[in-house]
There are 2 protein chains.
Amino acid sequence: MADRLPYGSGRTSPQRRAIASMAEELGRAFTIDDLERALRRKGKRAGVATVYRAVAAMEESGWLERVGVRGSKALYARCDSPAHHHHLVCTSCGIVLATDCPLEFATHSAKAEHGFTVTEHDVTLYGVCRDCRPGPELGEDGD
Amino acid sequence: MADRLPYGSGRTSPQRRAIASMAEELGRAFTIDDLERALRRKGKRAGVATVYRAVAAMEESGWLERVGVRGSKALYARCDSPAHHHHLVCTSCGIVLATDCPLEFATHSAKAEHGFTVTEHDVTLYGVCRDCRPGPELGEDGD
DNA sequence: GCGTATGTGAGAATGGTTATCACATGAGGG
DNA sequence: CCCTCATGTGATAACCATTCTCACATACGC
């Protein structure tokens, strides 16, 4: 069901159309930089700020999802299923496979389901510990 | 107790001693900034670069571990167990609890084990997909 | 068509992190 | 002890992904 609109209630524009169609076309995880480069390669131009804004809007609408980082750049990917899930990002080709959420699945299930060999994973759970519930944010960061 | 040395084979220095002891003392997840601030509060001074280098060295030696981010800053925490595991980071107080690795555990187990209420989690598995094994890194980033 | 809320883009600003480089110092050997 | 020099320090500049600014352009409801 891809009838979800890339920009939700936002406006469309030639740039945004190009960006959305390129994100679709890439079919794998990409950085803002990848996206810009791909656009340029197709003769489409879009300022950096515009690409960042467009990607933020697409993420906001749920049409795109942040799927981790590559180096110091954020990684994004098209995301069809509205249901909660997680991602298998191939470090070789960048393909992104969706997989069910419950953390019960593990490395071997990734392998069984997708033939995907997990070599690294990053799992951190955020929440509130026993002593803090229900406390405020750790707001003493001052920045 | 900590028979593992904070700096592995590296040298020690007043600054590094202060930094390591402060990391120990904090007893919870901290950013470089937190660490610096805590040092300053104790009258110990250490340049930014020094703190970054010290933390990098401590991470290298396995004495410290990166346990995610807070905003745009990297989060670190003392890490005793050499065994592979994951972290429960309290967004309220920053306490870090270690938990066994296998992804089979889930939200409810965090709750059962630690009284920790998971409100968010970030799970991404990196590896090599069926079609790529055994391929090279996705090195076309060009920067 | 008009008006205006919204998108665009060049460039500056931000902010965490890393590199530079001159200087200081820990620690092993003599 | 003292020398040596590999290694650590720190002020500062550089880096770089991302965000902001602001003047201008344009989508789209009326």
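Just so we're on the same page: letters track the sequence lines, and every chain starts at 1.
Other residues, nucleotides and ligands place no more than 12 heavy atoms under 6.0 Å from the CZ atom of B:R45.
Spacing between atom CG of A:L35 and atom C1' of D:dA17 amounts to 15 Å, rounded to whole angstrom units. If you measure from atom CG of A:D33 to atom C1' of D:dC16, you get 11 Å, rounded to the nearest angstrom. Atom-to-atom, CD of B:E60 to C1' of D:dG8 comes out at 16 Å; the value is rounded to the nearest Å. Taking atom CD on B:Q15 and atom P on C:dT25, their separation rounds to 9 Å, with Å as the unit. For B:R53 and C:dT25, the CZ to P distance is 15 Å, given to the nearest whole Å. The separation between A:R17 atom CZ and C:dT8 atom C1' is 14 Å, rounded to whole Å. Here C:dT17 presents its C1' atom at 15 Å from CG of B:L75, a figure rounded to the nearest Å. Nucleotide C:dG16 holds its C1' atom 5 Å from the OH atom of B:Y52, rounded to whole Å.
How far NZ of A:K42 is from CD of A:E25: 3.5 Å, rounded to the nearest 0.5 Å. Note that the CD1 atom of B:I32 and the CZ atom of B:R37 stand 12.5 Å from one another [nearest 0.5 Å].
Contact check, A:T50 against C:dG9: a side-chain N or O comes under 4.0 Å of OP1 or OP2.
Remark on the helix from C:dG1-D:dC30 to C:dG30-D:dC1: inter-end axis angle 30°, axes from five-pair C1' superpositions, rounded to 10°.
Nearest-nucleotide positions on DNA chain C for B:P14 and A:V51 put A:V51 closer to the 5' end. Comparing A:S72 and B:A49 by the nucleotide of DNA chain D that holds the closest heavy atom to each, the one mapping nearer the 5' end is B:A49. In terms of position on DNA chain C, the residue among B:T12 and A:R45 whose nearest nucleotide sits closer to the 5' end is A:R45.
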Open item on the list: Using side chain to side chain contact (heavy atoms under 4.5 Å, CB included), reason through A:L75 and A:R66 one step at a time and then give a plain yes or no.
Closed with: CA-CA 6 Å; A:L75 267 185; A:R66 182 174 295 169; over 6 Å; no
Open item on the list: With side chain to side chain contact (heavy atoms under 4.5 Å, CB included) as the criterion, how do A:T50 and A:R53 come out once you've worked through the C-alpha distance, each side chain's angles and the decisive distance to 0.1 Å?
Closed with: CA-CA 5 Å; A:T50 298; A:R53 275 183 298 232; 3.7 Å; yes
TODO: Could you give me the CA-CA distance, side-chain angles and deciding distance for A:Y76 and A:E65, then say whether side chain to side chain contact (heavy atoms under 4.5 Å, CB included) is met?
DONE: CA-CA 5 Å; A:Y76 297 88; A:E65 223 172 302; over 6 Å; no
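Contact annotation: the side chain of A:F30 never approaches that of A:E36 to less than 4.5 Å [non-hydrogen atoms, C-beta and beyond].
In this structure, A:A54 reaches neither bases nor backbone, as no heavy-atom distance under 4.0 Å exists between it and the strands shown.
Listed nucleotides: D:dG8, C:dT17, C:dT8. Nearest to the side chain of B:A74: C:dT17.
For a distance-only test at 3.5 Å, the side chain of B:R11 fails to qualify as a donor-acceptor partner of the base of C:dA27. Looking at B:R16, its side chain has no donor and acceptor atom pair within 3.5 Å of the base of C:dG26.
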